[in-house]
Peer 1: 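Take this structure first; my questions come after.
Read the numbers this way: they start at 1 and go in the same order the structure lists the ligands and their atoms. Predicted, not measured: the structure shown is a model, and the values here were computed from it. Because only heavy atoms are used, hydrogens play no part in the values below, and waters and symmetry mates are left out as well, while side chains stay in.
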Amino acid sequence: MYTKLALLIDGEWIEEASGGSETVLNPATEQALGTLPHAGKAELDRALKAAARAFEGWKRTSPFERGNILRRAADLMRERADHIATVLTLEEGKTLPEARGEIIAAAEFFDWFAEEGRRSYGRIIPARIADMRQTVTQEPVGPVACFTPWNFPAVTPARKIAPALAAGCTCIIKPSEETPWTTLEIARALTDAGLPNGVLNVVFGVPAEVSEYLIRSPIIKKISFTGSTPVGRHLARLAGETLTLATMELGGHAPVIVARDADVQRAAELSMAIKMRNTGQVCTSPTRFFVERPIYEEYLEHAKAFIGKQVVGDGMQASTTVGPVANNRRIMAMDDLIGDALSHQARLVAGGERIKAPGLMYMPTILADVPEHAKAMTDEPFGPLALVQPVDDIEQGLARANALPYGLAGYAFTRSAATANRISEQMQVGVIGINQMVVTIPETPFGGIGDSGWGREGGVEGLESYTVRKYVGHLHV
Ligand code: NAD
């Protein structure tokens with residue numbers, strides 16, 4: 001099932017490389033799944049050369065033809081969804097239905113950008129003088145380097161590869177070494193769909209070494225990173241030195257305001273379901289819950305009842321609703337944050353510890369009355385942890401929501417249009433869900449402000465970020 005892992009460089013699958021190798025583990029069993037080759041300088045140079053050479057042909061391929069290849073790849077992803085989802089669950093841990101949903105979502109990014117590439121319009125600007133034609137066009141920025149994490153190994157690469165290729169850029173991607181095979185399956189769908197050699201290259205290695213080498217290369221004209229804020233800062237500094245364009249999709253600590261006029265049961269059940277999606281390892285995961293005091297205990301009761309119904313286990317089992325966390329670092333982070341919050345008089349409503357069973361299983365956890373100075377209120381938990389606090393009014397909820405330097409996603413539940421408008425205007429985040437929690441689809445822009453990063457992925461903006469504008473002033477003589 002979990003076959004040989006490889007790099008993909010210039011159309012060639014490379015199973016042994018000069019940078020050594022590492023073992024990929026299944027988080028549900030902690031057993032080895034396979035051996036991943038690491039790119040050394042030789043392979044990185046080859047990938048850079050291939051991306052530079054392929055760019056000359058790909059940028060001249062019409063957006064219509066590029067779109068045909070991307071759409072064919074999306075169809076192949078859907079045809080292969082069961083297989084790729086199984087691979088994803090084995091290496092990342094999420095449940096099979098979640099994994100399947102992610103593959104379908106990844107395919108939708110290719111569909112959207114296949115079409116959007118055909119709409120990368122320019123414009124004609126009226127001139128000040130006769131016989132002058134002033135045009136603005138969009139051109140691909142050039143070869144790009146993308147770095148993606150382990151929590152969404154299909155959809156996060158898709159969000160970068162699809163717009164890059166649709167815009168006419170070539171790409172070197174370094175997916176997470178912890179979940180390599182899913183992204184290789186996305187690459188395989190693209191090569192099987194007819195993508196020319198060198199347009200997409202996939203490398204693995206020591207993250208800090210690979211990223212620095214690629215960013216410092218004059219061939220790379222833009223980088224796109226999804227991951228933690230500290231790593232994002234480091235890569236942004238490197239990109240600054242070479243004036244390389246950068247998109248940074250970093251951490252979050254999403255607030256949820258539940259107003260007293262909300263449907264309390266629906267708000268509690270929906271927000272806990274979304275909280276436990278991918279075991280809480282999502283940058284948009286709702287994490288800090290600010291509930292108006294009159295409905296606070298009722299909200300907690302519904303939340304607790306919902307969490308009590310969850311079954312934690314191997315994502316391959318049909319009965320599992322919450323999979324393992326993806327690596328030991330998350331277990332340590334959960335223990336640390338929960339222990340600290342409890343020592344600051346937080347109230348344990350559900351869960352609270354690792355499950356004593358094989359695999360990296362953690363109880364879905366709700367903490368109530370969590371004080372502002374508890375570490376979990378400022379450090380992104382990135383795990384199955386909900387932190388709930390009562391607030392006197394919406395004003396106080398907004399003040400707490402906006403208290404952190406992060407600003408990725410935020411949510412609110414209210415039946416009042418006035419409250420919804422106030423929260424939409426005043427919550428300092430890049431994306432907001434009101435009475436619903438889906439905030440990342442291909443046709444809408446996604447990204448953060450402040451410590452959550454720069455730039456937007458998805459939507460019209462997602463394509464634009466892989467293009468530069470060129471102005472031509474042409475006097476007809
Ligand atoms: P981490 O910061 O060590 O790594 C995050 C990702 O960045 C990993 O995929 C890693 O391979 C990669 N990475 C690390 N150093 C790099 C470098 N110098 N160059 C290029 N890539 C590099 O954290 P982690 O333990 O894997 O994950 C925990 C934290 O990361 C979470 O608390 C969360 O804040 C963040 N994270 C965010 C997202 C997201 O979607 N924004 C996804 C995964 C992790």
Side-chain angles (χ1 to χ4, degrees), residues 22 24-25 27 36 38-39 44 91-94 102 145-160 172-180 182-183 202-216 220 223-239 244 246-254 277-285 287 325-334 336-337 360 375-376 378-385 404-409 429-431 439-440 446-458:
E22 73 179 276
V24 180
L25 298 177
L36 179 69
H38 275 193
L44 294 178
E91 62 183 10
E92 200 271 349
K94 67 184 61 174
E102 183 178 340
C146 302
F147 308 100
T148 54
W150 41 265
N151 57 339
F152 286 94
V155 91
T156 307
R159 220 185 249 130
K160 299 181 193 305
I172 302 176
I173 186 165
K174 191 206 77 61
S176 166
E177 285 69 24
E178 290 169 306
T179 52
T182 305
T183 317
V202 186
V203 297
F204 299 96
V206 178
E209 291 173 11
V210 175
S211 58
E212 182 158 353
Y213 197 75
L214 294 180
I215 294 169
R216 288 199 191 284
I220 296 300
I223 62 164
S224 180
F225 171 73
T226 297
S228 65
T229 300
V231 175
R233 268 189 225 289
H234 170 65
L235 299 189
R237 261 194 296 270
L238 291 175
T244 303
T247 295
M248 292 281 154
E249 204 271 277
L250 309 178
H253 205 318
R277 187 172 152 247
N278 198 21
T279 322
Q281 303 162 118
V282 186
C283 51
T284 56
S285 189
T287 296
V325 291
N327 52 53
N328 236 319
R329 304 188 295 286
R330 298 325 317 143
I331 297 270
M332 291 189 290
M334 286 304 100
D336 177 39
L337 296 178
L360 304 174
K375 211 176 349 169
T378 50
D379 292 13
E380 181 184 23
F382 223 68
L385 175 59
L404 299 188
Y406 289 119
L408 189 55
V429 290
V431 294
V439 287
T440 54
F446 171 63
I449 59 172
D451 282 7
S452 295
W454 311 318
R456 293 294 177 268
E457 300 191 299

Peer 1: Provide the number and element of each atom of ligand 1 under 4.0 Å from a heavy atom of Asn151.
Peer 2: 40 (O), 42 (C), 43 (C)
Peer 1: Do the side chains of Glu457 and Thr247 get nearer than 4.5 Å, heavy atoms only?
Peer 2: yes
Peer 1: What's the spacing between Thr244 OG1 and Leu238 CG if we round to 0.5 Å?
Peer 2: 9.5 Å
Peer 1: Go through the steps for Val325 and Gln281 under the test side-chain contact (heavy atoms from CB on, under 4.5 Å), then give the verdict.
Peer 2: CA-CA 8 Å; Val325 291; Gln281 303 162 118; 3.5 Å; yes
Peer 1: Minimum heavy-atom separation for Glu92 to Trp150, with atom names?
Peer 2: CG-O, 3.1 Å
Peer 1: Below 3.5 angstrom, do we get any N/O pair linking Trp150 and ligand 1?
Peer 2: yes
Peer 1: Answer yes or no: is there an ion pair linking Glu102 with Arg277, defined by an N-O contact shorter than 4.0 Å?
Peer 2: no
Peer 1: Considering only the protein, which heavy-atom contact is closest to atom 14 (C) of ligand 1, and what is its distance?
Peer 2: Val231 CG2, 3.7 Å
Peer 1: Can you sort out which atoms of ligand 1 are near Cys283, meaning under 4.0 Å from one of its heavy atoms?
Peer 2: 39 (C), 40 (O), 41 (N)
Peer 1: Quick one: which of Glu212, Glu249, Glu380 has a heavy atom closest to atom 34 (O) of ligand 1?
Peer 2: Glu380
Peer 1: Enumerate the atoms of ligand 1 whose separation from the nearest heavy atom of Arg330 is less than 4.0 angstrom.
Peer 2: 28 (C), 32 (O)
Peer 1: Just to confirm my output: which protein heavy-atom neighbour is closest to atom 2 (O) of ligand 1, and how far is it?
Peer 2: Ser228 OG, 2.5 Å
Peer 1: Just jot down the ligand 1 atoms closer than 4.0 angstrom to any heavy atom of Ser211, in number order.
Peer 2: 17 (C), 18 (N), 19 (N), 20 (C)
Peer 1: Show me which atoms of ligand 1 lie under 4.0 Å from any heavy atom of Thr226.
Peer 2: 39 (C), 40 (O), 41 (N)
Peer 1: Can you tell me if Thr148 has a non-hydrogen atom under 4.0 Å from ligand 1?
Peer 2: yes
Peer 1: For atom 38 (C) of ligand 1, find the nearest protein heavy atom and state the residue, atom name and distance (0.1 Å precision).
Peer 2: Phe382 CZ, 3.5 Å
Peer 1: Report the part of Leu250 (side chain from C-beta onward, or backbone N, CA, C, O) that has a heavy atom under 4.0 Å from ligand 1; answer both or neither where that applies.
Peer 2: backbone
Peer 1: Might you check, step by step, whether the distance between atom 26 (O) of ligand 1 and some protein heavy atom is under 4.0 Å?
Peer 2: yes
Peer 1: For Leu250, what residues pass the side-chain contact (heavy atoms from CB on, under 4.5 Å) criterion, not counting sequence neighbours?
Peer 2: Phe225, Thr229, Met248
Peer 1: Which of the numbered atoms in ligand 1 are under 4.0 angstrom from any heavy atom belonging to Pro149?
Peer 2: 9 (O), 42 (C), 43 (C)
Peer 1: Using a 4.0 Å cut-off to any heavy atom of Arg329, which atoms of ligand 1 qualify?
Peer 2: 24 (P), 25 (O), 26 (O)
Peer 1: Check the pair Lys160, Thr226 against side-chain hydrogen bond (donor to acceptor under 3.5 Å, both in side chains), reporting the backbone distance first and the verdict last.
Peer 2: CA-CA 10 Å; Lys160 299 181 193 305; Thr226 297; 2.7 Å; yes
Peer 1: Check if Phe225 has a non-hydrogen atom at a distance under 4.0 Å from any atom of ligand 1.
Peer 2: yes
Peer 1: Sub-3.5 Å donor-acceptor pair from the side chain of Ser452 to the main-chain atoms of Gly450, do we have one?
Peer 2: no
Peer 1: Do the side chain of Arg330 and the main chain of Pro381 share a donor and acceptor less than 3.5 angstrom apart?
Peer 2: yes
Peer 1: Which of the atoms in ligand 1, numbered in the order shown and given with their element, are less than 4.0 Å from a heavy-atom of Ala208?
Peer 2: 17 (C), 18 (N)
Peer 1: Measuring from atom CZ of Arg216 to atom CG of Leu214, what distance do you get when rounded to the nearest 0.5 angstrom?
Peer 2: 12.0 Å
Peer 1: List the closest protein heavy-atom neighbour of atom 11 (O) of ligand 1: residue, atom name, distance to the nearest 0.1 Å.
Peer 2: Pro207 CG, 3.8 Å
Peer 1: Can you find an N or O of Ser176 that's nearer than 3.5 Å to an N or O of ligand 1?
Peer 2: no
Peer 1: Of the non-hydrogen atoms in Pro157 and Ile173, which two are nearest, and what is the gap between them?
Peer 2: CB-CD1, 3.7 Å
Peer 1: Answer yes if a protein heavy atom lies under 4.0 Å from atom 16 (C) of ligand 1, otherwise answer no.
Peer 2: yes
Peer 1: Starting at CZ of Arg233, measure out to OG of Ser228 and round the result to the nearest 0.5 Å.
Peer 2: 10.0 Å
Peer 1: Right, does atom 7 (O) of ligand 1 have protein non-hydrogen atoms nearer than 4.0 Å?
Peer 2: yes
Peer 1: Hey, does the side chain of Ser211 reach the backbone of Pro207 with a donor-acceptor pair shorter than 3.5 angstrom?
Peer 2: yes
